[in-house]
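Letters go in sequence order (proteins before strands), and every chain restarts at 1.
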Amino acid sequence: MKTAPASPNSLFWFRKGLRLHDNPSLWAAIKDAKHLYAVFVLDPWFLKPERVGVNRLNFLLQSLTDLRSSLKARGSNLLVLRGKPEEVLPKVWKDWKITRLCFEVDTEEYAKERDVKIEAAAKEAGIEVISCVSHTLYNTEDICAKSGGHAPLSYKGFEKAMNALGPPARTAPDLPAKLPPMDPSSKGIADKDTDVPSVSDLGYIEAVRTPFKGGETEALARLAEQLSDKGWVAQFEKPKGDPTAFDPSPATTVLSPYLKFGCISPRLFYESLQQVYMEKKEHSKPPVSLLGQLLWREFYYTAAAHTPNYHQKEDNPICKQIPWDDTPEFFKAWEDCRTGYPWIDAIMRQLHEWGWMHHLARHCVACFLTRGDLYVSWEKGRDVFDRLLIDGDPSINSGNWMWLSASSFFYQYFRVYSPITYGKKYDPEGKYVRHFLPALKDMPAKYIYEPWKAPKKVQEEANCIIGVDYPAPIVDHAVVSKQCIARMKQAYDAEKAGQNPSASPPKRKATGGEKPLTKMLKPT
DNA sequence: GTCGAGTTGTTTGT
DNA sequence: ACAAACAACTCGAC
């Protein structure tokens, strides 16, 4: 590699990390730089309705708009380019005589493959490449190194590895008020060529419905607001949250979409929490505390980055091989909010409209689709979440789906969420259900979670005939949940026998083992 | 090999 | 409000 020039022309490539605060890679880009070019590349690989829903795409575009105005305020700009990064970047680094390329480390599958190619091409062109870790608290490799060379698969193991590393790196200092300018004679840097498009510019016709707005400015304001109630922060325990809370605001911080895109730095969140905990001596602790939530993110990022085939069941060494059913009619009903269980359908409706639901609500629908009721593969549900969530983050999403389907991390498959009583205990009046499923808005509270039990007269008075205005349940939870538990046991036993065939012969159940349970699960 | 723990279950009792 | 029964998993420490 050539020696880096004294006054480099730097290209900073934004991908995640859509922020100016705590951005060590951007610091590396501006160091001694004569010129700085900040770009975001709209990659056609992402920009497909089957890959990213309108709510998250809009969140991204708002984040870019915010970033653009922040950069302009510092005498720079964000140039939004379109096309495959491996084609677009070499073109501009040639046009702009770039000598240094900087970007934040991204551990996700597609990003890793992409970045290896870009880095090789840049070095080939004599360009210095600098890449820092700032999307996670730690370098995930360091966590693995402290855990016997592999990603920890339990929270305890993760905690041990993390404690061995000590506290994470401090946040980077604020950037200077003025950033190195672009050379005004550079090709293709005019506003008209590099502006942030709208969702309709990108071919999306669906309306944006999420109430959450993207961007670093919004993220910092939300962080400040959420952490201003120090008593609340200090006593926060995730399992005690109310998944039905939505008006005026949910039971959690909703910082997840900002962390997903890096509008907020995890290290800034970490430091801000530590400040509150210093003041409030009595406070909740990981894994249930707010800090714990940030550590779970780290846990899943580490697992994803260091597990082969993490995003699929097949050839995934940490994933139980459960023979899920292929029942597209069940899957479609779940996806389209018509399982006939209001609690499940309301959560799925919130997913479509807001792109966000409370974590425990996600548990309920994930359990229902997989091991609890429909026995459909977690990969199918994962794809839906991946597309529709504004915080859809592959490492965390696939991990949680394996957790909920008892495919990895969590194995107590007999603990099944009830699609009837779970919501009822938080919201007996059914306000949440009524809001997201207006067809049921006048159903008496007594029947709001089980409307099929309402007498015909009650249904008529509520203007909601079951089977007409709102579907009848596609399965009988009391029946199928028991069958599912039995099938999970069978699958676990088969896995054990398969993994270690010499230790014990394949177990055969005395009775019931060969029952065609699939047939029994069909809609009645 | 045993035993306790595991961010977030449900139902039925008192 | 809290406790036991339900049926019973894996992992990791010892």
(request) Could you give the distance separating C:dA8 and B:dC3 at their C1' atoms, to the nearest angstrom? (result) 15 Å
(request) Choose from B:dT8, C:dA8, B:dG6 the nucleotide whose nearest atom is closest to any side-chain atom of A:H359. (result) B:dT8
(message) Taking the minimum atom-to-atom distance to the side chain of A:T421, which one of B:dT7, B:dT11, C:dA8 wins?
(response) B:dT11
(message) At 4.0 Å (heavy atoms only), tell me whether A:Q293 reaches a base, stays on the sugar-phosphate, or touches nothing.
(response) base
(request) Can you tell me the pairing partner of C:dA7 across any strand shown, Watson-Crick or G-U wobble, with both distances under 3.5 angstrom? (result) none
(request) Assign A:Y422 to base, sugar-phosphate, or nothing according to its heavy-atom contacts below 4.0 angstrom with the strands shown. (result) sugar-phosphate
(request) Looking only at side-chain atoms of A:K496, point me to the closest of B:dT8, B:dG6, C:dT10. (result) C:dT10
(request) Can you figure out which of B:dT7, C:dA13, B:dT10 approaches the side chain of A:K425 most closely? (result) B:dT10
(message) From the set B:dT8, C:dA8, C:dT10, return the single nucleotide nearest to any side-chain atom of A:Y492.
(response) C:dT10
(message) Less than 4.0 angstrom between a side-chain N/O of A:K489 and OP1 or OP2 of C:dA7, yes or no?
(response) no
(request) May I ask you to say what A:K424 touches in the nucleic acid, namely base, sugar-phosphate or nothing, with a heavy-atom cut-off under 4.0 Å? (result) nothing
(request) Any strand is fair game: report the nucleotide pairing with B:dT8 by Watson-Crick or G-U wobble, both distances under 3.5 Å, or none. (result) none
(message) Quick check: A:F409 with A:Y155 (ring centres under 6.0 Å apart)?
(response) no
(request) Report yes or no: is the ring centroid of A:F414 under 5.5 Å from the six-membered base ring centroid of C:dC9, with the two planes under 30 degrees? (result) no
